[in-house]
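What follows is a set of notes on a single structure, which appears directly below.
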Amino acid sequence: RKGSVIITGASSGLGLATAKALAETGEWHVIMACRNFLKAEKAAKSVGITKENYSVMHLDLASLESVRQFADTFRRSGRPLDALVCNAAVYLPTAKEPTYTAEGFELSVGTNHLGHFLLARLLLDDLKQSDYPYKRLIIVGSITGNTNTLAGNVPPKANLGDLRGLAGGLNGIQSSAMIDGGDFDGAKAYKDSKVCNMLTMQEFHRRYHEETGITFASLYPGCIATTGLFREHIPLFRLLFPPFQKYITKGYVSEEEAGGRLAQVVSDPSLTKSGVYWSWNKNSESFENQLSKEASDAEKARKLWEVSEKLVGLA
Ligand code: NDP
């Protein structure tokens, strides 16, 4: 039978390119989990994904209610779950003030981390039940966890501190809107959320890999300077960032190439190792990359897991 994969945020950028790459093999049915149903349908058509290879299901990660409804609706669809790709993200580098999810969490961490944390926890049982030759839970990471690159050291740097802002509810009222309890900074909030993604992947691996056989992995697909992720940035940045990445840092990858990389992590029979953060070298070969000290801190991962469980109503 075909594999069945859920990709969050498949309506643009990396998620869409990955959906296309997997659907084209004819071996996968892609469930595009998107907040804008019509946009997702149009996106699928625009890149030529054929009808029998995808379906769109509504998911707004900025609402825990929507995440729960998505899990229910997916279950009622009767489809198996062989792979889950947590890809969607928002990036608000120019925001002066925090904005919030339906439950009142700062939007970047609320969407990128907490929404995906609840989704992955709810769908873990469905993955367990899959009889596919391999089953995988992939959480898209970022370079901000790499200490061996320049880009990982550009300020403001990610720092979760002692998680006091998160533990306080991340709502800007009783607590700070930032995980570490500091002043709001949109670029840092995004980087913090990506560190949470990578810590979460490793904690899943420690808690569930042995028992379930599920492969948990993360990746940095390269700098895809053309995606919608930079839509909130100032126009000059959006103009100069792609050529800067192409010619100066040489970290640039096309959406198509990045989609191929993520599709590889989902479906390549040789990439079954769990707990890995994948990256690609100049020759586009995958390798196991090292994470920064904070992004591989097991004690912080455990604490993040426990605090997140409380916030999303699982504990
Ligand atoms: P895009 O902005 O193109 O795609 C983000 C996707 O997330 C969109 O489909 C968007 O939906 C969706 N999304 C945003 N908010 C929500 C929500 N509340 N509920 C459901 N879906 C939502 O960015 P990219 O493709 O670049 O980003 C994809 C992933 O790649 C992210 O995890 C990002 O951190 C990561 N990444 C990107 C890099 C890059 O250079 N671009 C580098 C490293 C990592 P909609 O279409 O409706 O807006």
Side-chain angles (χ1 to χ4, degrees), residues 6-20 31-44 46-47 56-67 69-70 85-93 99-103 105-116 118-119 138-146 149 151-152 158 187 189-198 200-201 218-233 237-238 241-242 244-246 249 251-259 261-262 265 277-280 289:
I6 294 175
I7 305 177
T8 69
S11 51
S12 84
L14 178 62
L16 180 60
T18 307
K20 178 177 156 66
I31 295 112
M32 301 170 68
C34 297
R35 62 177 164 178
N36 183 334
F37 197 95
L38 193 63
K39 181 178 176 187
E41 279 289 349
K42 283 186 180 158
S46 75
V47 298
V56 177
M57 278 179 58
H58 184 259
L59 168 67
D60 181 357
L61 288 158
S63 155
L64 298 179
E65 187 53 42
S66 170
V67 173
Q69 256 174 34
F70 174 87
V85 180
C86 298
N87 160 78
V90 287
Y91 175 49
L92 309 160
T99 41
Y100 297 96
T101 66
E103 286 79 15
F105 306 124
E106 186 282 318
L107 194 65
S108 344
V109 173
T111 305
N112 309 355
H113 168 57
L114 291 170
H116 277 135
L118 178 61
L119 181 72
I138 315 298
I139 307 178
V140 178
S142 186
I143 202 161
T144 166
N146 289 44
T149 62
Y190 169 80
K191 292 181 184 182
D192 289 351
S193 77
K194 298 314 284 182
V195 170
C196 291
N197 286 157
M198 293 180 278
T200 300
M201 177 280 284
S218 185
L219 71 154
Y220 173 62
C223 184
I224 331 158
T226 51
T227 70
L229 197 66
F230 306 102
R231 73 191 94 184
E232 300 293 338
H233 228 301
F237 177 89
R238 280 187 277 131
F241 191 52
F244 173 73
Q245 291 295 344
K246 250 184 223 167
T249 69
Y252 176 88
V253 286
S254 66
E255 293 182 24
E256 192 182 4
E257 163 117 36
R261 290 175 177 182
L262 178 47
V265 174
Y277 169 59
W278 296 105
S279 296
W280 283 261
N289 207 343

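Whatever order the structure lists them in is the order used to number ligands and atoms, beginning at 1. What you see is a predicted model, and the numbers here were worked out from it, not measured in a lab. Basis for what follows: all heavy atoms, side chains included, without hydrogens, waters or symmetry-related copies.
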Checking the N or O distance criterion of under 3.5 Å, is ligand 1 in contact with A225? no
Considering distance alone, does some N or O of L61 sit under 3.5 Å from an N or O of ligand 1? yes
Atoms in ligand 1 flagged as close to G13, the criterion being non-hydrogen separation under 4.0 Å: 3 (O), 25 (O)
What do you reckon, does T8 put a non-hydrogen atom under 4.0 Å from ligand 1? no
Geometry only, no angles: is K194 polar-contacting ligand 1 at N/O separations under 3.5 Å? yes
For atom 14 (C) of ligand 1, tell me which residue out of E255, E232, H58, R35 has the closest non-hydrogen atom. R35
Just going by heavy-atom distances, which of Y220, F241, Y252 is nearest to atom 43 (C) of ligand 1? Y220
Look at atom 44 (C) of ligand 1 and say which protein heavy atom is nearest, naming residue and atom and giving the distance to 0.1 Å. G141 O, 3.3 Å
From C34, A88, S11 - option closest to atom 22 (C) of ligand 1 by heavy atom: A88
Shortest protein contact, atom 4 (O) of ligand 1 (heavy atom only): S12 OG, 3.2 Å
In the protein, which heavy atom is nearest to atom 26 (O) of ligand 1, and how far is it? T227 OG1, 2.5 Å
With heavy-atom distances below 4.0 Å as the criterion, list the atoms of ligand 1 near A62. 18 (N)
